[in-house]
Novice: 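The structure follows.
Naming: A, B, ... by sequence-line order, numbering from 1 per chain. Scope of the values below: all heavy atoms of this structure, side chains included, with no hydrogens, waters or symmetry mates. Since this is a predicted model, take the numbers as computed values, not measurements.
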Protein chains: 2
Amino acid sequence: MKKEKNITTESTILNAAKNIFQRKGMDGARMQEIADEAGINKALLHYYYRSKQLLFEAVFKNAFLLLAPQLNKILNSEDSLNIKIKDFTKNYISFIIKHPYLPNFIINELNRSPEFVQKLISEKHFPNIQKFKDQITENVENGKILPIKPEHLFINIMALNIFPFIASPLLKGFLKVNDENYKQLMEERATEVSNFIINAIKS
Amino acid sequence: MKKEKNITTESTILNAAKNIFQRKGMDGARMQEIADEAGINKALLHYYYRSKQLLFEAVFKNAFLLLAPQLNKILNSEDSLNIKIKDFTKNYISFIIKHPYLPNFIINELNRSPEFVQKLISEKHFPNIQKFKDQITENVENGKILPIKPEHLFINIMALNIFPFIASPLLKGFLKVNDENYKQLMEERATEVSNFIINAIKS
DNA sequence: ACATTTGTTAACCATTTAGTTAAACTAATT
DNA sequence: AATTAGTTTAACTAAATGGTTAACAAATGT
């Protein structure tokens with residue numbers, strides 16, 4: 001048995017599927033296109049992953065599990081709130097620049113089938129934000145930051161970091177900037193966003 | 001000719017198409033499903049709109065032109081920056097609560113075909129943010145707000161307002177809240193977000 | 001009244017698509 | 001060399017899908 005070749009083909013397929021699914025979504029992707037991208041026969045996709053749905057789920061979980069530890073690591077660290085916000089912003093933006101299709105893919109497919117979130121929550125790597133929430137509450141009680149519900153601050157951090165990547169075609173249109181200039185704006189945001197947030201909650 | 005009936009059928013179709021396209025996207029939508037939703041024969045869709053692509057574009061432009069004036073009205077008003085931020089946040093969030101699928105639909109389809117933005121820009125109702133940018137520059141120069149590039153402030157305002165609606169399934173999962181509680185959070189944000197922004201730029 | 005234009009439908013068509021099958025191939029095992 | 005388990009392919013199938021056609025119905029102009 002060629003165990004090694006087995007793994008290579010399987011991961012070649014997964015990688016090709018990732019490229020196609022993340023660019024075109026579940027509905028827009030074609031099994032034939034994924035096979036072409038992987039340089040193999042369409043029947044092999046089914047041999048390894050049975051159906052489009054299962055292949056899609058493999059890609060989706062893979063993508064999500066790439067993103068989740070990024071969140072977890074920072075949210076559950078022992079650092080101060082300010083450091084966390086700075087670290088998160090810096091790491092997240094440089095992470096997404098490497099995986100530009102990822103946030104839109106995840107958000108979009110979760111909108112298509114919101115019940116899928118339930119499956120994800122039960123995975124052991126699903127981000128837990130309890131510690132982060134406690135930390136915010138504590139900072140508010142000590143008067144270190146202005147009163148704000150932890151939920152809102154969390155949403156704001158996510159929004160400021162993720163949205164510009166999801167909405168890039170729209171924002172490029174509004175701002176009348178080209179790809180090059182937009183990319184530069186995104187790089188500026190690695191520090192810009194954390195300053196903005198820290199200012200907003202500074203008491 | 002039954003001009004009235006004509007218009008009714010045409011708009012019935014457009015409305016049905018809106019419902020289906022905004023929930024399922026271009027690729028996920030089926031012409032038969034749209035016909036069923038409109039309560040008419042599938043051939044009628046083609047009679048009025050020729051092809052799926054043209055029907056989709058009609059829906060898309062319609063959706064966009066519903067949203068654009070909201071932006072324009074506020075961005076080009078004579079109010080102070082603070083008032084603008086407050087107005088925009090309040091109006092926008094209540095607008096989106098009425099049209100929950102709209103932002104995700106627009107952003108998603110623009111990601112699917114980013115070149116479509118060019119077509120939109122040439123439409124006369126496309127939002128122009130020049131005046132808003134000038135206003136920010138002026139406020140920075142007068143020392144009324146902290147130094148910030150107009151582009152970043154604009155992106156931040158959009159992000160904080162729009163993102164929570166686009167990413168709601170994901171955020172509900174992270175925050176472990178149900179639909180009811182999430183809706184309440186969104187209502188709080190009508191004031192929460194503008195306070196946050198104003199604090200962030202206050203000098 | 002009746003001819004013409006406009007609106008609507010059922011049946012149909014060509015193509016695309018996910019999935020299947022059976023046979024060929026490969027490489028390790030006996 | 002024969003067997004066997006696993007891998008890969010070409011050809012096929014059934015269902016779905018966007019779009020068309022031809023016939024029928026309703027409104028309108030003359």
Novice: Is B:Ala35 touching bases, backbone alone, or none of the nucleic acid, heavy atoms closer than 4.0 Å?
Specialist: nothing

Novice: Could you state the atom-to-atom distance from CG of B:Leu44 to C1' of D:dG19 in whole Å?
Specialist: 14 Å

Novice: Yes or no on side chain to side chain donor-acceptor pair (under 3.5 Å) for A:Gln32 and A:Asp36, after CA distance, side-chain angles and deciding distance?
Specialist: CA-CA 6 Å; A:Gln32 186 58 59; A:Asp36 291 347; 2.9 Å; yes

Novice: Quick check on DNA chain C: between B:Lys42 and B:Gly39, whose nearest nucleotide comes earlier from the 5' end?
Specialist: B:Gly39

Novice: Using 4.0 Å as the upper bound for N to carboxylate O, is an ion pair formed by A:Glu192 and B:Lys149?
Specialist: no

Novice: Name the closest nucleotide to the A:Ala43 side chain, picking from C:dT21, C:dG7, D:dT8.
Specialist: C:dT21

Novice: Taking 4.0 angstrom as the limit, do A:Asp179 and A:Lys172 come out as a salt bridge?
Specialist: yes

Novice: Measure from CG on B:Leu45 to C1' on D:dT20 and round the result to the nearest Å.
Specialist: 14 Å

Novice: Side chain of A:Tyr47, heavy atoms from C-beta onward: which of D:dT8, C:dA18, C:dT8 has the nearest atom to it?
Specialist: D:dT8

Novice: Just N and O in the side chain of A:Thr9: are any of them under 4.0 Å from OP1 or OP2 of D:dT7?
Specialist: no

Novice: Between B:Arg30 and D:dA16, is there a side-chain N or O to OP1/OP2 distance below 4.0 Å?
Specialist: no

Novice: In whole Å, what is the span from the CZ atom of B:Arg50 to the P atom of D:dT20?
Specialist: 8 Å

Novice: Establish, with yes or no, whether the OP1 or OP2 oxygen of C:dT8 is under 4.0 angstrom from a side-chain nitrogen or oxygen of B:Tyr48.
Specialist: yes

Novice: State whether B:Asn41 places a side-chain N or O below 4.0 Å from either non-bridging phosphate oxygen (OP1 or OP2) of C:dA10.
Specialist: yes

Novice: Hey, is A:Glu187 close enough to A:Lys183 for a salt bridge, meaning N to O under 4.0 Å?
Specialist: yes

Novice: In whole angstrom, what separates A:Ile13's CD1 from C:dG19's P?
Specialist: 14 Å

Novice: Whole Å only: how far is the NE2 atom of A:His46 from the C1' atom of D:dA14?
Specialist: 14 Å

Novice: Send over the distance from A:Gln53 CD to C:dA18 C1', rounded to a whole Å.
Specialist: 12 Å

Novice: Using whole Å, report how far CE of A:Met31 lies from P of D:dC12.
Specialist: 21 Å

Novice: Rounded to whole Å, how long is the line connecting atom CD1 of A:Ile40 with atom P of D:dA10?
Specialist: 11 Å

Novice: Does the side chain of B:Arg189 come under 3.5 Å of the side chain of A:Asn156 through a donor N or O and an acceptor N or O?
Specialist: yes

